[in-house]
Amino acid sequence: MQLIEELRRRHVPRAAALYVAIAWGATEILVFLTDRLPFFPEWTGTVIAILFVLGFPVAMFLAWRFDFSSKGLHRTTASGTSGLVTLMLSLLILVTATAGLSYLLIPLTKQQSTTSVEYRGSKGADVDAPQNSVAVLPFDNLGDDSEVKHFADGVTEEIINALARVEELLVIGRTSAFSFEGEDLEIGQIANRLGVSHVVEGSVRRSGKQLRVTAKLVEASSGFQRWSENFDGTISDVFKFQDSIASGVANALGETLGVSGLGGRATAIKRSKNAEIYDKYLLARQVWRQRQEGPIRRSIALLEEVVAEDPGFSAGWSALAAANLTLGSYTNESGDAGQRAMMAAQQALALDETESEAHAVLAAVALWSGNWLEAAVRHERARELAPNNSTVRLWYSEMLIKLGMVERALQEVGVALSVDPMYTPALGNAGHQMATAGRLNEASELFQRAWDLGLEAMFVWFGSYYVALMQDRYGDADLWLDRRPIPYGIEIDHALLAARQEPIEANLMRLTEKTLQGMEQGLALREAVLYLSVAEELNLLYERLLPAARSGWRATESLWSVWARPLRQDPRFNELAQELGMLNYWQVYGPPDACEFTEGTIRCNR
């Protein structure tokens with residue numbers, strides 16, 4: 001064909017191949033840089049790709065008209081090929097090749113980094129809801145006694161737990177489902193905010209031992225009721241009602257998805273046969289969720305009564321284990337609380353091996369004993385049993401970040417937030433993991449969201465303060481100092497601000513002095529790692545870290561901070577990792593991010 005021969009004569013195919021190779025390589029590099037360097041705007045790669053696509057017809061025109069040889073640039077002599085047909089074919093080839101290049105390049109710029117924390121409902125924008133997604137809203141309490149509202153909430157939570165056991169369904173977690181309680185919103189608005197296509201709503205009327213439960217499954221987009229049912233009986237029938245509701249909802253959703261038999265797998269955890277004990281259990285779970293020392297202690301007291309009255313109630317033992325584990329994070333009795341948590345979890349699993357939270361509790365206990373591999377196995381089992389349990393996913397991500405597996409930690413906490421987008425502990429932890437990964441803008445947004453949702457906890461406060469300092473936003477950091485939930489230790493944070501803002505010798509020495517004083521008064525070593533890293537006191541750090549590792553210290557998340565980079569690059573870091581027991585884990589699961597593990601030695605590049 002004359003046109004093809006003319007293209008070859010003018011070296012157009014060679015020019016096109018060279019142009020595509022350069023465009024592809026440049027776009028790949030730019031996408032890589034924009035994901036990792038903060039001074040590149042996110043749209044940089046897209047703009048460059050578009051410019052390459054637009055430049056392609058120009059480059060091909062120049063290749064057609066000119067040739068480059070050892071004698072320099074000269075115009076290509078025309079041949080006898082001409083006419084309308086040739087012109088049209090040339091344009092067709094050019095348009096097709098340009099479209100192909102755009103199809104090749106533009107998707108590259110839309111790829112995000114391998115892990116991201118995305119959660120529905122974060123900004124209230126319209127989202128595309130999966131057909132298998134459902135939120136169970138808190139059932140209205142229509143009883144005469146307002147004190148039994150926890151009973152209605154408990155019924156709702158049990159239905160959520162039962163549906164979450166069906167892997168084919170995406171069930172929104174309790175925290176997010178309950179976040180709209182008391183708001184005057186339409187079903188469609190709530191569904192849009194949560195990113196679900198279906199909503200379960202209902203009511204519970206309890207008068208003495210008499211019980212009436214109603215429930216319905218609504219298709220959010222149309223308002224169509226796909227399933228509904230009313231139940232009347234005594235309080236002892238509540239378990240049967242819960243299972244019937246979960247089964248009916250699962251089967252109705254299964255019809256939409258073209259999957260049969262989902263209702264048979266929608267079963268709640270094993271429950272006490274005594275309705276009064278079960279009622280007390282539900283109240284304890286409600287109180288525990290407040291995540292403060294006083295309520296947690298009350299929850300533990302209630303659960304101790306539950307398991308004393310019904311020793312065979314596995315869920316009661318599992319809840320007691322989780323409550324004791326959580327108490328250790330809010331008090332100075334973490335050792336005793338951890339021991340009680342371990343004993344309760346072991347009892348729960350002796351009764352029922354499928355109690356997922358009990359496995360997660362034992363994973364945490366193993367971690368603090370330095371048994372990282374046992375902790376990993378326990379976490380895997382917990383995730384297998386309850387893949388949609390946001391707490392299980394969150395606790396696993398906390399272990400991964402302690403080991404420097406930052407990207408995997410982000411994946412796990414991302415799953416937790418996809419299930420429960422308003423779960424504030426997950427938002428706060430995701431912020432810290434983002435900050436560790438160097439994704440500071442996203443970290444700041446997550447911290448602010450957790451704070452706005454009411455989690456005014458120290459770890460969220462410190463994350464916000466820490467990111468402000470890392471981004472040199474010293475005015476914002478000063479404002480965060482005024483919001484510090486606990487005044488104790490604020491003089492160290494003032495010293496940190498001064499050292500970051502003006503890293504002169506006097507400020508660094510003052511930061512070192514204040515940190516050492518704080519450690520004598522109980523300052524946690526994980527915070528001291530950050531402060532002494534800023535003060536450039538590696539020798540002081542290793543003098544304290546190595547003995548602490550031998551004595552059982554495992555709060556290692558701060559070792560992976562951006563500030564702690566010199567600490568990780570120090571040759572002594574391998575000895576520290578060995579004392580911490582991390583090397584055994586890395587030999588099985590691979591090295592932490594940006595590190596190499598060869599011949600039993602860890603070396604970190606950043």
Side-chain angles (χ1 to χ4, degrees), residues 370 372 401-406 432-433 435-438 440 459 462-463 465-472 474 477 489 491-583 585-586 591-606:
W372 302 93
I401 201 69
K402 291 176 186 293
L403 288 157
M405 319 294 279
V406 182
H432 279 284
Q433 293 165 17
T436 302
L440 302 182
F459 82 101
F462 184 77
Y465 180 64
Y466 167 79
V467 169
L469 289 179
M470 290 184 70
Q471 293 184 311
D472 300 330
Y474 302 119
E491 66 278 0
I492 306 177
D493 295 312
H494 278 291
L496 177 62
L497 172 58
R500 283 287 299 175
Q501 191 168 8
E502 193 175 0
I504 59 176
E505 184 176 357
N507 287 343
L508 295 174
M509 289 180 62
R510 180 170 177 270
L511 176 59
T512 300
E513 177 186 355
K514 290 293 183 183
T515 302
L516 294 178
Q517 290 176 357
M519 292 177 71
E520 293 175 0
Q521 299 169 5
L523 175 68
L525 186 54
R526 61 177 177 268
E527 280 81 22
V529 168
L530 300 178
Y531 300 146
L532 293 178
S533 295
V534 171
E536 301 176 354
E537 292 287 356
L538 288 186
N539 290 332
L540 282 175
L541 263 177
Y542 274 107
E543 286 175 9
R544 284 156 177 79
L545 284 173
L546 288 168
R550 298 184 189 110
S551 301
W553 176 70
R554 296 294 181 271
T556 59
E557 52 268 26
S558 58
L559 298 179
W560 310 99
S561 160
V562 173
W563 286 345
R565 182 180 299 151
L567 181 77
R568 297 192 297 275
Q569 294 176 329
D570 191 284
R572 289 170 288 186
F573 185 70
N574 187 76
E575 181 184 356
L576 176 62
Q578 187 170 19
E579 293 291 349
L580 290 166
M582 292 177 167
L583 296 184
Y585 179 91
W586 292 332
D593 297 358
C595 298
E596 296 178 354
F597 190 62
T598 54
E599 298 180 356
T601 301
I602 193 73
R603 293 183 179 85
C604 295
N605 302 321
R606 64 171 176 80

Worksheet item: Can you check side chain to side chain contact (heavy atoms under 4.5 Å, CB included) on L540 and L516, steps first, answer last?
Response: CA-CA 9 Å; L540 282 175; L516 294 178; 4.2 Å; yes
Item to complete: Compare every heavy atom of P503 with every heavy atom of L508, then report the nearest pair and how far apart it is.
Response: CD1-O, 3.8 Å
Fill in: Spacing of L546 atom CG and Q578 atom CD [to the nearest 0.5 Å]
11.0 Å
Practice prompt. List the atom of V406, the atom of A437, and the distance in Å for their closest heavy-atom pair.
Written response: CG1-CB, 3.8 Å
Practice prompt. Decide yes or no on side chain to side chain contact (heavy atoms under 4.5 Å, CB included) for L559 and L580, but give the supporting numbers first.
Written response: CA-CA 12 Å; L559 298 179; L580 290 166; 4.0 Å; yes
Worksheet item: Who pairs with E579 by salt bridge (Lys or Arg N to Asp or Glu O under 4.0 Å), at least two apart in sequence or on another chain?
Response: R550
Discussion item. With rounding to the nearest 0.5 angstrom, report the OG1 to CD distance, T512 to Q517.
Written reply: 11.0 Å
Worksheet item: Sub-3.5 Å donor-acceptor pair from the side chain of W372 to the main-chain atoms of L583, do we have one?
Response: no
Discussion item. Ignoring hydrogens, what is the shortest heavy-atom contact between M519 and A528? Give both atom names and the distance.
Written reply: SD-CB, 3.7 Å
Worksheet entry | Side-chain heavy atoms of L496 within contact of L530, under 4.5 Å | no
Discussion item. Nearest 0.5 Å, please: how far is CE in M582 from CZ in F573?
Written reply: 6.5 Å
Fill in: Donor-acceptor under 3.5 Å (Q569 side chain, N605 main chain)
yes
Practice prompt. Starting at CE of M509, measure out to CD1 of I504 and round the result to the nearest 0.5 Å.
Written response: 11.0 Å
Item to complete: Name the orientation class of the two ring planes belonging to Y466 and W563 (parallel below 30°, tilted from 30 to 60°, perpendicular beyond 60°).
Response: perpendicular
Item to complete: Given side chain to side chain contact (heavy atoms under 4.5 Å, CB included), test R526 with E557 step by step and report yes or no.
Response: CA-CA 7 Å; R526 61 177 177 268; E557 52 268 26; 3.5 Å; yes
Fill in: Atom of A498, atom of N507 and distance for their closest heavy-atom approach
O-ND2, 3.3 Å
Worksheet item: Do you know the tightest heavy-atom contact between I492 and G518?
Response: CD1-CA, 4.0 Å
Worksheet item: Nearest 0.5 Å, what's the OH-CG distance between Y531 and D493?
Response: 4.0 Å
Item to complete: Would you check if the side chain of T556 reaches a backbone N or O of K402 as a donor-acceptor pair within less than 3.5 Å?
Response: yes
Worksheet entry | Within-4.5 Å side-chain heavy-atom neighbours: L497 and Y465 | yes
Discussion item. Less than 4.5 Å apart, side chain to side chain, heavy atoms only: is that true for M405 and W586?
Written reply: yes
Practice prompt. Over all heavy atoms of both residues, which pair between S558 and A564 is shortest? Give the atoms and the distance, please.
Written response: O-CB, 3.6 Å
Item to complete: Any chance you could lay out the side chain to side chain contact (heavy atoms under 4.5 Å, CB included) test for V562 and M470, step after step, and finish with the verdict?
Response: CA-CA 9 Å; V562 173; M470 290 184 70; 3.4 Å; yes
Worksheet item: Is there side-chain contact between R572 and L538, with heavy atoms separated by less than 4.5 Å?
Response: yes
Response to the item:
To the nearest 0.5 Å, atom CD of E596 lies from atom OG1 of T598 at 6.5 Å
Worksheet item: Is R568 reaching over with its side chain to a backbone N or O of S561, donor-acceptor style, under 3.5 angstrom?
Response: yes
Fill in: Whether over 12 other heavy atoms sit under 6.0 Å from Q471 CD
yes
Discussion item. According to salt bridge (Lys or Arg N to Asp or Glu O under 4.0 Å), who are the partners of K514, at least two apart in sequence or on a separate chain?
Written reply: none
Discussion item. If we ignore hydrogens and angles and just use 3.5 Å, is the side chain of Y542 paired with the main-chain N or O of L567 as donor and acceptor?
Written reply: yes
Worksheet item: Does any non-hydrogen side-chain atom of E537 lie less than 4.5 Å from one of T515?
Response: no
Worksheet item: Do other residues, nucleotides or ligands put more than 12 heavy atoms under 6.0 Å from the CZ atom of R500?
Response: yes
